[in-house]
Amino acid sequence: MTPFDRAAAPLALPAPPADPAFADLLLTSHRRLVGEPLSPSARAAGPDAARWLYEQAPFGLLAHDTSADPCFVYANRTAQRRFGYSWDEFVGLPSRLSARPDGQEERDAFVRAVSAQHYATGYRGIRIGRSGTPFWIEDVTMWDLMDPAGRIHGQAAVFRSWSPVDD
């Protein structure tokens, strides 16, 4: 039984960085919707998995809420380093601000695909770090943060690689 099997109310977001219940939501919704584990190193939920996802995962992992202008509720350390924001700066930032204005249409189309199918893969897009420097996020999978009762708490994205933008 996971924490969400017992939960009657929606998850309170944002959760603390290494929250086991939020890590469980990330891992179980990814496995259920995408059909594979987020990472072979993060199969089991719990405090160890939550710490690993936040502190050690070699991929960027982000999540935003379901508000009209979705805001980040999670960014692991890899994502924080790549974007140049601390946890406190990332959480609450509207997720649309992570993309350049000229990339919004493509980003929005990917988000809509996730909303329609509950996940999408194969995205590559330009993002902007805190310093204003653009970079590519690549090999992106995005999925709904759906608990076992079918409630959607937001969307998460994993990017497994990144590279500089050549002007």
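We find that R130 and E89 are joined by a salt bridge, their nearest charged nitrogen and carboxylate oxygen being less than 4.0 Å apart.
Two different hydrophobic clusters hold I137 and V165 under the rule that ILVMFWY side chains link at heavy-atom gaps under 4.5 Å. Both W143 and L27 belong to a common hydrophobic cluster when Ile, Leu, Val, Met, Phe, Trp and Tyr are linked at side-chain heavy-atom distances under 4.5 angstrom. Cluster annotation: Y85 and F135 are assigned to the same hydrophobic cluster (Ile/Leu/Val/Met/Phe/Trp/Tyr, side-chain heavy-atom contacts under 4.5 Å, transitive). Cluster annotation: L38 is connected to V34 through the hydrophobic network of ILVMFWY side chains, with a link wherever side-chain heavy atoms come within less than 4.5 Å. Residues V111 and L33 are members of separate hydrophobic clusters, defined by side-chain heavy-atom contacts under 4.5 angstrom among Ile, Leu, Val, Met, Phe, Trp and Tyr.
Side chain of T141 to backbone of V158: no donor-acceptor contact under 3.5 angstrom is found. Side chain of S29 to backbone of L25: a donor-acceptor contact under 3.5 angstrom is found. Of the possible donor and acceptor atoms, none in the side chain of H153 sits under 3.5 Å from a partner among the backbone N and O of D147. Checking side-chain atoms of Q104 against main-chain N and O of R96 turns up a donor-acceptor pair under 3.5 Å. Judged by distance alone, the side chain of Q80 and the main-chain N or O of A75 form a donor-acceptor pair under 3.5 Å. A donor-acceptor pair under 3.5 Å is formed between the side chain of N76 and the backbone N or O of L53. In this structure, D139 contributes its side chain and R160 its backbone to no donor-acceptor pair below 3.5 Å. Of the possible polar contacts, none joining the S163 side chain to the W136 backbone as a donor-acceptor pair under 3.5 Å is found. Side-chain atoms of D144 never come within 3.5 Å of backbone atoms of M146 as a donor-acceptor pair (strictly under, hydrogens ignored).
By the 4.5 Å heavy-atom criterion applied to side chains, Y54 and D19 are not counted as neighbours. Using a 4.5 Å heavy-atom threshold, the side chains of Y74 and L26 count as touching. F72 has its side chain out of reach of D65: every pair of non-hydrogen atoms, C-beta onward, lies at least 4.5 Å apart. In this structure, M142 and F110 have side chains that are in contact, with non-hydrogen atoms separated by less than 4.5 Å. Side-chain contact between C71 and H64 is absent, with no heavy-atom pair separated by less than 4.5 Å. You'll find the side chain of E36 reaches within 4.5 Å of the side chain of H30, heavy atoms only. A heavy-atom distance below 4.5 Å is not found between the side chains of P70 and Q155.
Taking every heavy atom of both residues into account, R32 and P148 meet most closely at NH2-N, 3.8 Å. Counting all heavy atoms, side chain and backbone alike, S98 lies closest to F83 at CB-CE2, 3.8 Å. Closest non-hydrogen pair, A79 versus L62, comes out as CB-CD2, 3.6 Å. Of all heavy-atom pairs between A15 and F22, the closest is CB-CB, 4.0 Å. Across all non-hydrogen atoms, the minimal contact from W52 to S39 is CH2-OG, 3.4 Å. Annotation for A63 and L145: closest pair CB-CD1, 3.9 Å, computed over non-hydrogen atoms.
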Note to self: side chain to side chain donor-acceptor pair (under 3.5 Å) for S95 and R107? Distances and angles first, verdict last.
What the structure shows: CA-CA 10 Å; S95 61; R107 176 197 169 273; 2.8 Å; yes

Item checked: side chain to side chain donor-acceptor pair (under 3.5 Å) between S86 and D88, worked out -> CA-CA 5 Å; S86 69; D88 290 335; 5.3 Å; no

Margin query: Would H118 and I152 count as a side chain to side chain contact (heavy atoms under 4.5 Å, CB included) here? Give the steps.
Written below: CA-CA 10 Å; H118 297 299; I152 296 176; 4.0 Å; yes

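Not less than 6.0 angstrom separates the ring centroid of F59 from the ring centroid of F159.
Summarising the geometry, atom OG1 belonging to T28 is positioned 4.5 Å from atom CG belonging to D24; distances are rounded to the nearest 0.5 Å.
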